[in-house]
Amino acid sequence: MKSDTYFMQRCEALAHVAAVKGEAPVGAVIVRDDKLISEAMEAGKSRNDITCHAEIEAIRFAIARLNTNDLSDCTMYTTHEPCLMCSYAIRFHKIKKLVYQNTVKYLGGISSSMPLLTTNEVPPHWGKAPVIVHLINKQEQAAP
């Protein structure tokens, strides 16, 4: 069984490519049964579409590959705490586990005043909140 760190390393590689292309350095993957289902990097600038965050792109690709909107047996890995828009998509598609690395300063789905990823105040058909794992990276550990 592959570790959370294994899949996060793939996210980091995708984030690096996104940064080289002039995008925000964010990468995301979706895994089911220890197999990579989809992967994506930030593409909002290059596609001129604010909805092309890595997490949403990974969800789009997973839905297309699996031919279902129900991702309740999937785990998402992402280099950054999902924003509110991405958090909405994660909850709507019932992703069971979220592993992220970097917290964000504004509008994070976990750390902001609107914690969409952890609240129970969502439509009942969305199901329960995902299990959340924060893999702290070296830069966050060094921050005062």
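Keep in mind that what you see is a predicted model, and the values were worked out from it rather than measured.
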Determine whether Glu23 and Met41 make a side-chain contact, defined as any pair of heavy atoms from C-beta on separated by less than 4.5 Å. no
Determine the minimum heavy-atom distance between [X] and [Y], stating which atoms define it.
{"X": "Leu135", "Y": "Thr5", "result": "CD1-N, 4.2 Å"}
{"X": "Ser111", "Y": "Val104", "result": "OG-O, 3.7 Å"}
{"X": "Ala18", "Y": "Ala24", "result": "CB-O, 3.5 Å"}
{"X": "Thr103", "Y": "Glu81", "result": "CA-OE1, 3.6 Å"}
{"X": "Leu84", "Y": "Ser112", "result": "CD2-OG, 4.2 Å"}
{"X": "Phe92", "Y": "His125", "result": "CE1-NE2, 4.5 Å"}

If hydrophobic clusters are built by linking Ile, Leu, Val, Met, Phe, Trp and Tyr wherever their side-chain heavy atoms come under 4.5 Å apart, do [X] and [Y] end up in the same one?
{"X": "Tyr100", "Y": "Met76", "answer": "yes"}
{"X": "Leu117", "Y": "Val133", "answer": "no"}
{"X": "Phe7", "Y": "Leu14", "answer": "yes"}
{"X": "Tyr88", "Y": "Val131", "answer": "no"}
{"X": "Tyr6", "Y": "Val29", "answer": "yes"}

Keeping the roles fixed (side chain from [X], backbone from [Y]), state whether a donor-acceptor pair exists under 3.5 Å.
{"X": "His134", "Y": "Val99", "answer": "no"}
{"X": "Arg91", "Y": "Val122", "answer": "no"}
{"X": "Thr118", "Y": "Pro115", "answer": "yes"}
{"X": "Glu55", "Y": "Ile90", "answer": "no"}
{"X": "Ser38", "Y": "Ala58", "answer": "yes"}
{"X": "Thr79", "Y": "Gly27", "answer": "yes"}
{"X": "Glu42", "Y": "Ala54", "answer": "yes"}
{"X": "Lys21", "Y": "Ser46", "answer": "no"}

So Ile37 and Leu71, side chain to side chain contact (heavy atoms under 4.5 Å, CB included) or not? Walk me through it. CA-CA 11 Å; Ile37 300 301; Leu71 302 178; over 6 Å; no
Please collect all side-chain hydrogen bond (donor to acceptor under 3.5 Å, both in side chains) contacts where either partner lies in residues 59-70, sequence neighbours excluded, each pair once. Thr51-Arg60, Glu57-Arg60, Asp70-Ser72
Tell me, with the steps shown, if Ile59 and Ile95 meet side chain to side chain contact (heavy atoms under 4.5 Å, CB included). CA-CA 9 Å; Ile59 289 170; Ile95 293 173; 4.0 Å; yes
Give a yes or no on whether Lys128 atom NZ has more than 12 heavy-atom contacts from other residues, nucleotides or ligands under 6.0 Å away. no
So for atom CG, which belongs to Asn48, do other residues, nucleotides or ligands contribute more than 12 heavy atoms lying within a distance under 6.0 Å? no
Working for side chain to side chain contact (heavy atoms under 4.5 Å, CB included), residues Gln101 and Cys11: CA-CA 10 Å; Gln101 193 171 57; Cys11 293; over 6 Å; no
From the list Lys97, Arg32, Lys94, side-chain contact (heavy atoms from CB on, under 4.5 Å) partner of Asp73 resolves to Arg32
Rounded to the nearest 0.5 Å, how far apart are SG of Cys52 and CZ of Arg47? 4.0 Å
Go through the steps for Leu66 and Cys74 under the test side chain to side chain contact (heavy atoms under 4.5 Å, CB included), then give the verdict. CA-CA 11 Å; Leu66 299 173; Cys74 295; 4.2 Å; yes
